[in-house]
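In listed order, ligands and their atoms are each counted from 1. Worth knowing before you read on, the calculation uses all heavy atoms, side chains too, and leaves out hydrogens, waters and symmetry mates.
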Amino acid sequence: MNKQKRRAVIAGNWKMNMTPSQAVEAVKETAKLTAGAKSCDVVLCVPFVDIAAAAAAAEGTNVKIGAQNVHFEAKGAFTGEISASMLLEAGAEYVIIGHSERRAYFGETDETVNLRTKAALAAGLKVILCLGEVLSERQSGITSEIVSMQTKLDLAGVSAEDMKNVIIAYEPVWAIGTGLTATPEQAEEVCAVIRGVLSELYGKETADGVTVQYGGSMNDANAAELLAKEDVDGGLIGGASLVPEKFAKIVGAAEA
Ligand code: PGA
């Protein structure tokens with residue numbers, strides 16, 4: 001069993017929800033309800049404009065703040081984009097990269113995901129790298145091939161040393177926001193495939209140390225059985241992270 005070698009991480013992805021003042025309240029409430037978490041890191045990935053207020057509200061608590069995207073250039077004429085150094089200075093420690101909503105609605109490709117990942121790591125951010133198959137790929141029986149390819153392309157040029165700051169979030173696209181959670185067996189199977197690819201790329205010791213999350217309609221009712229699986233080390237939580245009580249219960253399940 002190698003699960004003990006890895007840190008459990010429960011991360012919330014607020015998506016485009018919460019104004020700065022709402023964020024302050026939600027961070028404070030989440031911090032209060034998860035204050036007892038010891039073996040699990042608690043992260044909230046918030047909209048860009050909420051980062052500074054959320055980071056201030058999280059100070060002195062065990063809640064860490066992340067962003068939901070980052071641009072790969074350091075600065076310049078990229079209207080509407082945000083750089084890694086801007087995120088760090090605003091108070092973000094983590095950043096989600098390659099979320100399926102960005103891939104589907106904003107033209108994100110494995111190439112840009114890879115560029116963003118390398119830029120974020122070089123700047124000192126911790127990366128939550130999202131990947132996963134769409135329904136037609138699962139139905140065609142090519143889930144393993146798809147996630148293996150994404151893992152390799154998205155991590156091209158990322159060193160074994162840098163992998164200490166990378167979390168992989170396996171998020172089957174058909175499970176996101178749909179209420180259709182993967183079964184614990186489906187989640188375990190694919191998280192284990194991802195770890196196998198990491199082992200190929202970086203060796204077993206590095207692969208055994210990487211936190212691999214499951215995401216996609218994880219909630220307070222189904223978290224415990226998903227998190228009990230050997231290769232499922234945490235969760236990336238959308239809808240349920242907007243309700244501190246629900247999110248705290250998921251953190252509690254990761255602690256158990
Ligand atoms: P969900 O979202 O928990 O609402 O399905 C997960 C995610 O998009 O990261």
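- Taking a cut-off of under 4.0 Å to the non-hydrogen atoms of Leu236, the atoms of ligand 1 that pass are 6 (C), 9 (O).
- Ligand 1 is approached by Ser217 to a heavy-atom distance shorter than 4.0 Å.
- Looking only at heavy atoms of the protein, atom 3 (O) of ligand 1 is closest to Gly238 N, 2.9 Å.
- In this structure, Gly216 is part of the shell of residues with a heavy atom less than 4.0 angstrom from ligand 1.
- Ligand 1 is approached by Ala175 to a heavy-atom distance shorter than 4.0 Å.
- Take Tyr214 and apply the side chain to side chain donor-acceptor pair (under 3.5 Å) test, not counting sequence neighbours, and it matches no residue.
- Distances between N or O atoms of Ile176 and those of ligand 1 include no value under 3.5 Å.
- Among all protein heavy atoms, the one lying closest to atom 9 (O) of ligand 1 is Glu171 OE2, 2.7 Å.
- Interface atoms of ligand 1 facing Lys15, defined by a heavy-atom separation under 4.0 Å, are 2 (O), 7 (C), 8 (O).
- Contact atoms of ligand 1 toward His99: 7 (C), 8 (O), 9 (O) (distance under 4.0 Å to a heavy atom of the residue).
- Applying the 6.0 Å contact sphere to CD of Glu89 captures no more than 12 heavy atoms from other residues, nucleotides or ligands.
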Before giving the answer on side-chain contact (heavy atoms from CB on, under 4.5 Å), spell out for Val95 and Lys126 the whole-Å C-alpha distance, their side-chain angles and the decisive distance to 0.1 Å.
CA-CA 6 Å; Val95 62; Lys126 296 188 176 82; over 6 Å; no
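- The side-chain hydrogen bond (donor to acceptor under 3.5 Å, both in side chains) test with Glu133 singles out one residue from Gln150, Arg138, Gln139, and that residue is Arg138.
- Using a cutoff of 4.0 Å between basic side-chain nitrogens and carboxylate oxygens, Asp233 and Lys5 are not scored as salt-bridged.
- Around CD of Glu145, the count of heavy atoms belonging to other residues, nucleotides or ligands within 6.0 Å exceeds 12.
- The environment of NZ in Lys15 is crowded: more than 12 heavy-atom neighbours from other residues, nucleotides or ligands sit within 6.0 Å.
- Each of the atoms 1 (P), 4 (O), 5 (O) of ligand 1 lies under 4.0 Å from some heavy atom of Gly177.
- With ligand atoms numbered from 1 in the order given, ligand 1 contributes 8 (O), 9 (O) to contacts under 4.0 Å with heavy atoms of Asn13.
- Nearest to atom 4 (O) of ligand 1 among the protein's heavy atoms is Gly239 N, 2.9 Å.
- A salt bridge does not link Glu230 with Lys3: none of the charged nitrogens is closer than 4.0 Å to a carboxylate oxygen.
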